[in-house]
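Encoded as structure tokens, the structure appears first; notes follow it.
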Amino acid sequence: MNERLRALDQTYIAHTYARFPVDLVRGEGSLAYDGAGKAYIDMGSGIGVTAFGFADPVWCGAVTEQLTKLQHTSNLYYTEPCAKLAELLCRRTGMQRVFFCNSGAEANECTVKVARKYASERKGPQYSAILTLENSFHGRTLTTLAATGQEHYHELFQPLTPGFCHAPAGDLAAVERLLREHPTAGILIECIQGEGGVVPLDPAFVQGLAKLCAEQDVLLMVDEVQTGNGRTGTLYAYEQFGICPDVVSTAKGLGGGLPLGATLIGEKAKDVLSFGDHGSTFGGNPVCCAGAYSILERLDEPFLASVREKSRLAFSMLQGAKGVRSVTGLGLMIGVETVRPAKEIVSACLEKGVLCLTAKEKVRFLPALNIPTELLQTALERFLSVCADC
Ligand SMILES: *Cc1c(COP(=O)(O)O)cnc(C)c1O
């Protein structure tokens, strides 16, 4: 580790992150290199962001071509990359309108605005509650923290945006009770709770929510910030839960490494946002959108089948292995409960040249979707040798 860099960072960067003692200087596909030239197999893709790995030539080509033409215009003018990306997103999902922003939290902020305006116009402004689930994660702004159903994120930052309530995941009766008690605009869920420990929801519960939402004209909104853009082996995870949401938020992998968030709005609420209701200076930036288009275009059925194939390989290697208690997730979003503490495992993996993530008490893998099978296998072998060492 470069000590000068560590000291600089410690002195001048706010201490909100516990960084690993590694300085990454470059990458290629699923390999990253530190300042001393040591190679790491990347099993985290910058928390599910670099969907096609580091310095992916197709993405780099799309980005640099746009970069040298026009890097920013503001939303006062039309640009092709943003319109084309919106069209592709709608064509691939059946959604009707897209609002572009710069992050997952902002994409979720937009879902709240859409739900509140939709409900206010139809039923009255008192229908403002947003129901989310316990153990969820929706972002770090004061509104998305309020949406996040984990108390420890809330401490010290009160008061948060009012009007949020949380139900235990899987408990439809509790959801029905909350809907009776609080005039509700929307329900926001993650199909797989990522930061909550890679915990998939029960599809029957998700379908039950969809039914309640349809009956009560409450918007069903799915946070696909982490699960979206091919991560779970389908373009969006909700496809595997047998529902068609009214609103979808996404970010992370969509931009492939540049900041881009999107809120996709379906038929019911497509005309809710009108002139002046929302905006973003950077949202829909042409460079980010050109890169995103090059990613979304490649997430076709054969590619998604390859993600599912790699997922099967990973699950078969992990399940029942020594030192592994359980494996959860879908596609290439994988949570592993280990006998040894997750933090210890991740540090040991770092030593062995593998970058992993944690989620709560689990080790979490979010490799690039195009990680070569041999690298995936090698990374998991190294991880399992650390797990077995207990
Ligand atoms: C990461 C994440 C967010 C927040 O995204 P940012 O880009 O950090 O604002 C929101 N929801 C989910 C499910 C996430 O995984």
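On a predicted model such as this, the values are computed, not experimentally measured, just so you know. In each ligand, atom 1 is the first atom listed, and ligand 1 is the first ligand listed. Note that these values count all heavy atoms, side chains included, but never hydrogens, waters or copies made by symmetry.
Between the side chain of Ser280 and the backbone N or O of Gly283 there is at least one donor-acceptor pair closer than 3.5 Å. Checking side-chain atoms of Ser347 against main-chain N and O of Lys343 turns up a donor-acceptor pair under 3.5 Å.
Ionic pairing of Lys117 and Asp277 is present here: one or more N-O contacts between side-chain nitrogen and carboxylate oxygen are shorter than 4.0 angstrom.
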Between Glu87 and Lys84, does a salt bridge (Lys or Arg N to Asp or Glu O under 4.0 Å) hold up when you go through it step by step?
CA-CA 5 Å; Glu87 184 208 16; Lys84 274 181 61 183; over 6 Å; no
Can you produce the list of protein nitrogen or oxygen atoms under 3.5 Å from a nitrogen or oxygen of ligand 1, alongside each distance?
unit_1: ligand 1; atom_1: 7 (O); unit_2: Gly104; atom_2: N; d: 2.8
unit_1: ligand 1; atom_1: 9 (O); unit_2: Gly104; atom_2: N; d: 3.4
unit_1: ligand 1; atom_1: 9 (O); unit_2: Ala105; atom_2: N; d: 2.8
unit_1: ligand 1; atom_1: 11 (N); unit_2: Phe137; atom_2: O; d: 3.3
unit_1: ligand 1; atom_1: 11 (N); unit_2: Asp223; atom_2: OD1; d: 3.4
unit_1: ligand 1; atom_1: 11 (N); unit_2: Asp223; atom_2: OD2; d: 2.8
unit_1: ligand 1; atom_1: 15 (O); unit_2: Gln226; atom_2: NE2; d: 2.8
unit_1: ligand 1; atom_1: 15 (O); unit_2: Lys252; atom_2: NZ; d: 2.6

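Residue Glu351 qualifies as open at atom CD: its count of foreign heavy atoms under 6.0 Å is 12 or below.
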Identify each donor-acceptor pair in which a side-chain atom of residues 168-185 lies under 3.5 Å from a protein atom, sequence neighbours left out, and give them as a table.
unit_1: Asp171; atom_1: OD1; unit_2: Ala173; atom_2: N; d: 3.3
unit_1: Asp171; atom_1: OD1; unit_2: Ala174; atom_2: N; d: 3.0
unit_1: Thr184; atom_1: OG1; unit_2: His182; atom_2: O; d: 2.5

